[in-house]
Asker: 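First, the structure itself, so that you have it in front of you.
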Amino acid sequence: RLRKWQRRIRVSNATERNLAFALSELDRMASALGLPRTVRETAAVVYRKAVDKNLIRGRSIEGVAAAALYAACRQCSVPRTLDEIEEVSRVSRKEIGRTYRFISRELALKLMPTSPIDYVPRFCSGLNLKGEVQSKSVEILRQASEKELTSGRGPTGVAAAAIYIASILCGERRTQREVADVAGVTEVTIRNRYKELAEELDIEIIL
Amino acid sequence: MSESSIKIENVVASTKLAEEFDLTLIESQFEGAEYNKQKFPGLVYRVSDPKAAFLVFTSGKVVCTGAKNVADVHTVIGNMAKKLNSIGIKTIENPQITVQNIVASADLHTILNLNAIAIGLGLENIEYEPEQFPGLVYRIDEPKVVVLIFSSGKLVVTGGKSPEDCERGVEVVRQQLDNMGLL
DNA sequence: ACTTTACTTTGGAAAGC
DNA sequence: GCTTTAAAAAGTAAAGT
């Protein structure tokens with residue numbers, strides 16, 4: 001009986017220790033990414049659900065924590081790319097993506113693919129662009145979506161192109177390099193996307 | 001009726017041509033053969049009549065990939081057996097050839113809204129992460145194949161054991177999209 | 001800017017780490 | 001899980017001209 005009692009304490013300690021480690025990892029990564037408390041709490045909820053369903057078996061705590069944070073950002077509509085999560089975690093992008101798919105399926109998170117619109121506020125503030133430009137960007141993205149110009153394209157690239165166009169239309173032009181840097185895509189991608197958007201949405205860009 | 005106009009792009013098959021092989025010997029006799037035991041346990045050998053690539057193992061088992069037809073698979077494996085015989089290696093007479101996987105492409109000839117398809121097919125049944133890959137991944141149970149759906153309307157079907165599996169897979173997708181009014 | 005090469009995803013077998 | 005093979009889809013990326 002005593003053995004069983006001690007074992008329970010040991011298991012309990014290990015479980016609590018692992019949970020504490022996971023939560024500290026979530027906090028560390030969230031801080032590094034400057035994420036608000038709500039996102040950290042959401043990530044903690046996702047992680048705890050994963051623990052309750054024994055989804056950690058065969059997976060690293062760091063990996064599940066990173067995947068939980070990635071999922072939480074999307075649930076809260078403040079998405080971070082897998083590359084950004086990878087930068088603050090100790091796990092590879094491949095592992096994070098793999099773990100994300102797993103917990104997303106097992107916990108039935110049913111998340112829609114990231115919308116380019118959700119990247120607009122963050123990218124615009126990173127470029128010191130006002131609300132007017134943000135609104136214009138969102139308007140462009142809604143039109144782009146209606147005209148089927150976003151399926152299969154990277155959300156960050158499409159968002160970057162819309163912001164690039166909006167900044168010009170609003171008289172607060174940002175260069176492709178500046179937009180590319182905050183969006184984490186190349187100038188070539190911005191160029192390809194903005195040309196397609198300008199042409200299909202009949203937007204005149206005067207440089 | 002439903003000639004999906006599937007184009008087979010690659011056929012993967014396996015078979016056993018002998019009880020064992022001396023891969024070092026084959027490497028020295030076959031022009032272009034690559035064999036690095038520490039890198040990979042199989043010997044790599046490419047042929048070009050019907051184009052294909054072989055992975056030959058010491059167990060006598062062989063994997064054939066890259067063929068464009070199921071018939072070509074039998075042809076190139078037959079040629080491979082003859083080449084082995086020509087350097088003094090005996091092979092099993094009528095090797096049992098198993099097609100393990102077929103990759104095919106198709107086209108629905110319509111621009112598709114992948115977000116709508118994701119919802120229509122059910123988020124729990126698909127995988128669509130445009131940040132990582134432009135195609136929507138749809139796994140079908142019957143036939144057991146995986147279909148990659150692109151916004152261009154082009155498809156890639158893989159996992160099938162026969163050309164019929166691939167064609168049926170395309171039909172299942174076509175019909176489901178049609179029923180949802182997404183075609 | 002344009003071209004070329006290359007990596008992302010899917011599936012399966014092989015022998016071994 | 002990884003390693004190696006082949007091939008398509010479309011997007012993105014990097015390197016060389």
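Chain letters run A, B, ... following the sequence lines, proteins first and then strands; every chain starts at 1.
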Asker: Classify B/V156 by what it touches in the nucleic acid, base, sugar-phosphate, or nothing, heavy-atom distance under 4.0 Å.
Answerer: base
Asker: Could you please name the option among D/dA10, D/dA7, C/dT8 that lies closest to any side-chain atom of B/Q132?
Answerer: C/dT8
Asker: Considering only the C1' atoms, how many Å lie between D/dA9 and C/dC2, rounded to the nearest integer?
Answerer: 23 Å
Asker: Would you mind classifying the nucleic acid contact of B/K144 as base, sugar-phosphate or nothing, using non-hydrogen atoms under 4.0 angstrom?
Answerer: sugar-phosphate
Asker: State whether the side chain of A/S151 and the backbone N or O of B/L114 hold a donor-acceptor pair below 3.5 Å, judged by distance alone.
Answerer: yes
Asker: Grab the OH-P distance between B/Y128 and D/dG11 for me, whole Å please.
Answerer: 10 Å
Asker: When the distance from CZ of A/R177 to P of C/dA1 is rounded to whole Å, what number comes out?
Answerer: 13 Å
Asker: Let's see if you can work this out: which of C/dA14, D/dA9, D/dA7 has an atom nearest to the side-chain heavy atoms of B/K61?
Answerer: C/dA14
Asker: Distance check needed: C/dA14 C1' versus B/Y35 OH, whole Å only.
Answerer: 13 Å
Asker: Rounded to the nearest Å, what distance is computed from the CZ atom of residue B/R139 to the P atom of nucleotide C/dG11?
Answerer: 4 Å
Asker: Base, sugar-phosphate or nothing for A/V185? Non-hydrogen atoms, less than 4.0 Å.
Answerer: sugar-phosphate
Asker: Keeping A/R174 on the side-chain end and A/S167 on the backbone end, is there a donor-acceptor pair under 3.5 Å?
Answerer: no
Asker: Using distance alone, with no hydrogens and no angle criterion, decide if B/N85 and B/T91 have a side-chain donor and acceptor under 3.5 Å apart.
Answerer: yes
Asker: Just compare D/dT4, C/dA13, D/dA9 and give me whichever is closest to any side-chain atom of B/Q100.
Answerer: C/dA13
Asker: Quick test of your reading of the model: are A/E95 and A/R59 salt-bridged, counting only N-O distances below 4.0 Å?
Answerer: no
Asker: Would you indicate what A/G152 reaches in the nucleic acid, counting non-hydrogen atoms under 4.0 angstrom: base, sugar-phosphate, or nothing?
Answerer: sugar-phosphate
Asker: Would you classify B/T98 as touching base, sugar-phosphate or nothing, given that sugar-phosphate means primed atoms plus P, OP1 and OP2, and contacts are heavy atoms under 4.0 Å?
Answerer: nothing
Asker: What is the distance, to the nearest angstrom, from the CZ atom on B/F133 to the P atom on C/dT8?
Answerer: 11 Å
Asker: Over how many whole Å does the gap from B/L55 atom CG to C/dA13 atom P extend?
Answerer: 13 Å
Asker: Report, as yes or no, whether the 6.0 Å neighbourhood of atom CD on B/Q175 holds more than 12 heavy atoms from other residues, nucleotides or ligands.
Answerer: no
Asker: Can you tell me the Watson-Crick or wobble partner of C/dT4, both distances under 3.5 angstrom?
Answerer: D/dA14
Asker: Looking only at the side chain of B/F57 (C-beta and beyond, no hydrogens), which of the listed nucleotides D/dA6, C/dT9, C/dA14 gets closest?
Answerer: C/dA14
Asker: Output the single nucleotide from C/dA13, D/dA13, D/dA7 whose closest atom is nearest the side chain of B/V63.
Answerer: C/dA13
Asker: More 5' along DNA chain D: B/L155 or A/V188, using each one's nearest nucleotide?
Answerer: B/L155
Asker: Side chain of B/A53: nearest nucleotide among C/dG11, D/dA9, D/dT5?
Answerer: D/dT5
Asker: Given D/dT5, D/dT12, C/dT8, which nucleotide is nearest the side-chain atoms of B/T65?
Answerer: D/dT5
Asker: Looking for any heavy atom pair under 4.0 Å, which part of the strands does B/S105 touch: base, sugar-phosphate only, or nothing?
Answerer: nothing
Asker: What does A/R193 touch in the nucleic acid at a heavy-atom separation under 4.0 angstrom: a base, only the sugar-phosphate, or nothing?
Answerer: sugar-phosphate
Asker: Quick one: on DNA chain D, does A/T186 or A/K94 contact a more 5' nucleotide (nearest heavy atom)?
Answerer: A/K94
Asker: I'd like the P distance from C/dT9 over to D/dA13, given in whole Å.
Answerer: 15 Å
Asker: If you pin B/F150 and B/G42 to their nearest nucleotides in DNA chain C, which one's is more 5'?
Answerer: B/F150
Asker: Determine the contact category for B/K7: base if any of its heavy atoms lies under 4.0 Å from a base atom, sugar-phosphate if only primed atoms, P, OP1 or OP2 are that close, otherwise nothing.
Answerer: nothing
Asker: Both B/S59 and B/N10 contact DNA chain C. Taking the nearest nucleotide for each, which residue is further toward the 5' end?
Answerer: B/N10
Asker: Can any side-chain N or O of B/T110 pair as donor or acceptor with the backbone N or O of B/L108 at less than 3.5 Å?
Answerer: yes
Asker: Starting at CG of A/D83 and ending at C1' of D/dT12, how long is that distance when rounded to a whole Å?
Answerer: 11 Å
Asker: Which nucleotide in the list D/dA7, C/dA13, D/dT4 gets nearest to the side chain of B/K51?
Answerer: D/dA7
Asker: Would you mind reading off the distance between A/Q176 atom CD and D/dA13 atom P, rounded to a whole angstrom?
Answerer: 13 Å
Asker: Between A/K195 and C/dA1, is there a side-chain N or O to OP1/OP2 distance below 4.0 Å?
Answerer: yes
Asker: Closest approach to the side chain of B/V103, judged atom by atom: which nucleotide of C/dT10, C/dG12, D/dA8 is it?
Answerer: D/dA8
Asker: Please check this pair: side chain of A/S31 against backbone of A/D27, looking for a donor-acceptor N/O pair closer than 3.5 Å.
Answerer: yes
Asker: Between C/dT8, C/dT9, D/dA8, which one does the side chain of A/R101 approach most closely?
Answerer: C/dT9
